[in-house]
Structures are given as structure tokens and as C-alpha cells.
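These notes concern the structure reproduced below.
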Amino acid sequence: MTANDRAKIRSAFRDTAPDLLAYFERRLTDREEAADLLGQTMLTAWRRVDKLPADPERQRMWLFVIAANTLSNHRRTWQHRLDLADRLREHLATTAPAPAAGEAHAVRDAVLRLRDAQRELVMLIHWDGFTIVEAAEILGLNASTARSRYAAAKDALRRALVEASAG
Amino acid sequence: MPSSLDDLLASSTPATTPRTAELDRELAVVVSAAEVAATAPSRRRKRIAIVSLATIGILGAGAAAGATGLLPTPWFDDPAARTTQTSPDGKTCDLAFSAKGLHDPAHPVNEATRAETIAAADAFLKGFDFSTIEQYKGDTMRAELARRLSAHLAQQGLPPEAVSVAAMASCLGSDQ
């Protein structure tokens, strides 16, 4: 690992860490777990630092792919708490985000009821701000599959929201 | 539906922890700790403690051990601040800092003032953004951090000589 590698990955973490934390927070019921997954993502990234892209935007995408894999692994297996994330975990435990408004709550429920493959795509695009192509890359999909899956997800959401407002 | 689906979806984004200076500091701690954890070699890391008067010693592993020896340092597990630094000989060092009371006969201070000064120094260390001095290496970094702490305490009307800053460097690759 060269000094240049170290400088590049530190810079990538500094630029991306807040968005990575938010990504985990939006997907975990226990917000404090977000701190552990952020730490785990960074550990994995350090161990693969030789694969870190040179371009800052590609670095961001690279980190989000690692984050998505970390989240996927987390959902399959029990994870140890990481000492390195202790302080951040405490910070999250004492800092409550604003609660959702009623309508936002209903829409969020509809998103969460989507099928797994559709739900993550919608979250990445509408909650995390990625384009369809970027979301496809994070999920390991080709762009055309992502587009058709996204269109189906929006159809399902429209139906769910119409039913909710009618009921 | 009164709003477009895109608008509704945007408004449904779950709130996350507000972006504050405190959050940024905690994230910086995770970044530093991950670097240390990920790059630690399998062999035992060497912990070296340095205690100095109102200053912070960030020295190469050999120089630090030679100057002060190894000290019992329970505070290392809960320091006020941590960061990483590359030593002059290229080793990665995990640095930890805590404020401790100092009884300097040349500068007598009453206990209440000393306690207030320690608390202020501790808060300064906890909130210190090490990225603002990362360009300084070795003793130059030490001098700059000491200068900023002294200035901060003096600005609050507190005596810098009432505290010492204990620093520990845990460096990778030490063969001592």
C-alpha cells in the first residue's frame, strides 16, 4: 500500500462518509447499527485499497458497492459490534432525526412493502439520489434490467397509494 | 394524488442524523480507527506513552521509548481524542490524547481553576479537528497543537500551565 493510496482513500472516506452513514440509517431499524456497518465498510475498503479507482466520482460508487455488500451480508449474518464505531454509535443514539409527516409515512410504508428487488432500486434513486444507471451498478444489475424493474416498482407504488387513499 | 409520485417519494425519505460539526468529528474518528484496524500487522503493536508539560509529544517510536520508557496508561482506552499520524520513519501511529492536571510549583493554581482548565482542555481535545494540522509532521505537529491549546485556554482566561496533555503513540512496525 503506497502513501498515495492512503491519501486517496482517506480523502474518499472524508467526502463520502456522511452519505454512507445516511444510506445505512435509511435501511436499518436500529440506527446505531449504521455506525457498525459504516465501520465495516471502511475496513473492507482499506483491505481492497489497491482496487480504489482514481476518479473521485468512481471512488464514491466503489464505496457504495462495498456498502451494499456489507448491508447484504449484515442481513444474512449476525455481526460483531466494532470498537472503532463506539463513539459514532453513541452519537447516533443521542441524536434523533425529525419524525416523518403522515403522508410521507404512508408513502414510505408503500416503498417498504415493495418486493425486495424493486424496493432497493427505489430507495437508491429516490432516497439516496442515485441515477438508475448508478443504482444498477450498486446492485450489480445491467441498466436495462434496472429500468424495467424501476418502471414496475413505480406502477406498484401508484396502485398501492391509490388503494390507500381510496381505503 | 395531489403531488407527483416522484415528489411523494422524495418526501418519504427517512430523516437521518443531522449533519453537524460533532457528527463530522465522530465520522473522522471512525475513518482514523478503521485505518489503524485495517492496516495493523499481526504482530503485537507497541504502545508508547509520552507525558509532557502542556504539550504533546508525537515522536518516532524509538525516540519516544528512549525518552520516557513505557508508562502505565489506563486512559489510553478512553482518551479525549484520537488520530493517526505517519512517523518520520514511515510507520503508521495511532495517537491518543488526554488532558491531565499539572502541579507546577513555578505556576501555582488553585484546585477549582485547575479543574476548570482541565475540563476546558479536555473539551478542546474532544472537539479538535486533526485534519486542520495533518500537514504538520512529527514535532512540528506537536508544536502546532500545543500552540492552539495554549491560545484556546488563554483566550478563556485559563492558565495553560495548569494542565499537561498526555499523549500515547501506538506505532505499527516497531521492532523494539
Check your understanding: Looking at B:Ser131, B:Ser32, B:Ala28, B:Pro14, which has the largest count of heavy-atom pairs under 4.5 Å with chain A?
Key -> B:Pro14
Review point. How about B:Leu9 and A:Ile125: do any of their side-chain heavy atoms sit closer than 4.5 Å?
Key: no
Review point. Are side-chain heavy atoms of A:Leu21 and B:Val30 found at a separation under 4.5 Å?
Key: no
**Study point:** Separation between OG1 of B:Thr17 and CD of A:Glu25, rounded to the nearest 0.5 Å
**Key:** 3.5 Å
Practice item. Drop me the distance from B:Ser11's OG to A:Arg108's CZ, to the nearest 0.5 angstrom. Key: 9.0 Å
**Study point:** Heavy-atom check, side chain of B:Leu8 versus side chain of A:Leu157, under 4.5 Å
**Key:** no
**Study point:** Minimum-distance pair of heavy atoms, taken over all atoms of A:Tyr150 and B:Asp6
**Key:** OH-OD1, 4.1 Å
Review point. Does the side chain of B:Thr16 come within less than 4.5 Å of A:Arg26's, by heavy atoms?
Key: yes
Practice item. List the atom of B:Thr13, the atom of A:Trp127, and the distance in Å for their closest heavy-atom pair. Key: OG1-CD1, 3.3 Å
**Study point:** Per-residue contact mode, A:Val49 against chain B (heavy atom under 4.5 angstrom)
**Key:** neither
Exercise for review: Step through the shown structure and confirm whether more than 12 heavy atoms of other residues, nucleotides or ligands are within 6.0 Å of CD on A:Glu57.
Suggested key: yes
Check your understanding: Are B:Leu5 and A:Leu112 connected in a single hydrophobic cluster, I mean Ile/Leu/Val/Met/Phe/Trp/Tyr linked by side-chain heavy atoms less than 4.5 Å apart?
Key -> yes
Point to revise | Residues of residues 8-20 of chain A with any heavy atom under 4.5 Å of a heavy atom in chain B | key: A:Arg10, A:Phe13, A:Arg14, A:Ala17, A:Pro18
